[in-house]
Amino acid sequence: MPNVLDSFRLDGQVALVTGAGSGLGEAFALALAEAGADVACADLQLESAAKTAEAIRSLGRRAVAIPVDVSREGDVVAMVSATVEQLGPLDIVFANAGIAEPTSPLIESTLETWQKVIDVDLTGVYLTAREAAKVMIPRRRGKIVSTASIYGFVANFRAGRGRAYAAAKAGVINLTRSLAIELAQYNIQVNAIAPTFIGTNIAGGMLRGETEESRQYIAEISARTPIGRLGTPEELKGVAVFLASAASNLITGYTVAVDGGYLAW
Ligand SMILES: NC(=O)c1ccc[n+]([C@@H]2O[C@H](COP(=O)([O-])OP(=O)(O)OC[C@H]3O[C@@H](n4cnc5c(N)ncnc54)[C@H](O)[C@@H]3O)[C@@H](O)[C@H]2O)c1
């Protein structure tokens, strides 16, 4: 029987990460590369994806930067073909790109904002998984990992905050189950990660603690979280490698909460 740590290694595998230019996507891309994978870094902001790709190349892995708007079907089709052309057939995809909407009372909210969040956070995951599956099915292997949120399980405690976001993330969790059932016959595992609050660029920097309003929000979140603080992108790396690797081959259709206990009480 092989050493258990070897089952976490990703040597020679090809991964694609959306939203790889910042925050969690950047951490996921680096984690996969540190475990041995070559990585296509896709993002709306090509320059930031290029920085992540450069950091990966300095680790000795191959990496490319690809521009994409995950809510646009043609972009997602082109992103997967560019990955296969430049790095080879895809073994792992992280459908991670996402946005949050500003707080607004329900009756003042717009269909445009609702639609935008659903398009990026839910339809973007569907399109990314669909295009990746076209490469994975003939090879009878693959790992599809999406970024959900604790807000796929519960709603934001602040009234009017993240309504479309919560709906989209709950959608990602059940889409994960649906795809897992459909793709199990092809030896493709489909799972999701549901992080707690992490101080990235999302939500206009509300989780970065750079303004008084943000610091108050962080204090409120910390008081509501058993570990008493936010998480860091680095703390998501272990679960990312686990779900991308053979170590998790028996797990499919599951969403792992990486939440400092947020959902425990
Ligand atoms: N930060 C948190 O607290 C938190 C918690 C739970 C879940 N998440 C989820 O993690 C994922 C990553 O968010 P983050 O916190 O790292 O935010 P971030 O803003 O730091 O990074 C998101 C990246 O996605 C890119 N992006 C945005 N829209 C895109 C699009 N249409 N197509 C392609 N790329 C696009 C951005 O350019 C950016 O580089 C999102 O799905 C988010 O919902 C974040």
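In listed order, ligands and their atoms are each counted from 1. What you are looking at is a predicted structure, and each value in this text was computed from that prediction instead of being measured.
Residue Ala148 touches ligand 1 through its backbone alone, judged by heavy-atom distances below 4.0 Å. Counting heavy atoms closer than 4.0 Å to ligand 1, residue Val120 contributes side-chain atoms (C-beta onward) but none from N, CA, C or O. If you look at Ile99 next to ligand 1, the close heavy atoms, those under 4.0 Å, all belong to the side chain.
Considering only non-hydrogen atoms, atom 24 (O) of ligand 1 lies nearest to Gly19 out of Gly19, Ala194, Gly162. The closest non-hydrogen atom to atom 1 (N) of ligand 1, taken over Leu24, Val76, Ile198, Leu230, comes from Ile198. Of the candidates Val172, Asp43, Leu44, the one placing a heavy atom closest to atom 29 (C) of ligand 1 is Leu44. For atom 43 (O) of ligand 1, the nearest non-hydrogen atom from the set Phe28, Tyr151, Tyr165 belongs to Tyr165.
Between Thr200 and ligand 1, at least one N/O pair is under 3.5 Å apart. The shortest N or O to N or O distance between Ser149 and ligand 1 is not under 3.5 Å. Considering backbone and side-chain N/O atoms, Val70 comes within less than 3.5 Å of an N/O atom of ligand 1. Ligand 1 has a nitrogen or oxygen under 3.5 angstrom from a nitrogen or oxygen of Asn201.
Inspection of the Gln189 and Asn187 side chains reveals an N or O donor paired with an N or O acceptor under 3.5 Å. Side-chain contact of Asn96 with Thr147: a donor-acceptor pair under 3.5 Å is present, judged by distance alone. The closest side-chain donor-acceptor pair between Thr110 and Thr113 falls under 3.5 angstrom.
The cluster map of Ile, Leu, Val, Met, Phe, Trp and Tyr, joined by side-chain heavy atoms under 4.5 Å apart, puts Leu32 and Val14 in different clusters.
Every atom of ligand 1 is numbered from 1 in the order shown, and the set under 4.0 Å from a heavy atom of Gly23 is 16 (O), 20 (O). For ligand 1 and Ser22, the ligand atoms under 4.0 Å from any heavy atom of the residue are 16 (O), 18 (P), 20 (O), 21 (O), 38 (C), 39 (O). Atoms of ligand 1 found under 4.0 Å from any heavy atom of Ala97 (numbered from 1 in listed order, with element): 33 (C), 34 (N), 35 (C), 41 (O). Within the listing of ligand 1, atoms 3 (O) sit less than 4.0 angstrom from a heavy atom of Phe197. Near Lys169, with a cut-off below 4.0 Å to any heavy atom, the atoms of ligand 1 are 40 (C), 41 (O), 42 (C), 43 (O). Per-residue contacts place Gln45 under 4.0 angstrom from the following atoms of ligand 1 (heavy atoms of the residue considered): 37 (O). If you number the atoms of ligand 1 from 1 as listed, the ones under 4.0 Å from a heavy atom of Leu207 come out as 3 (O). Of all atoms in ligand 1, numbered sequentially from 1 with element shown, those under 4.0 Å from a heavy atom of Thr147 are 9 (C), 10 (O), 11 (C).
Between Glu234 and Lys237, no side-chain nitrogen of the basic residue sits less than 4.0 Å from a carboxylate oxygen of the acidic one, so the salt-bridge criterion is not met.
Separation of atoms NZ (Lys116) and CD (Glu112) is listed at 9.5 Å; rounding is to 0.5 Å.
The protein heavy atom nearest to atom 31 (N) of ligand 1 is Asp69 OD1, 2.9 Å. Looking from atom 12 (C) of ligand 1 to the surrounding protein, the closest heavy atom is Asn96 OD1, 3.5 Å.
Heavy-atom distances between Gly124 and ligand 1 stay at or above 4.0 Å for every pair. Using a 4.0 angstrom heavy-atom cutoff, Val68 counts as in contact with ligand 1. Close to ligand 1: Thr196, with a non-hydrogen atom less than 4.0 angstrom away.
Ring centers of Phe157 and Tyr262: at least 6.0 Å apart, outside the cut-off.
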Test log, rule side-chain contact (heavy atoms from CB on, under 4.5 Å), inputs Ile66 and Thr83
CA-CA 8 Å; Ile66 298 172; Thr83 302; 3.4 Å; yes
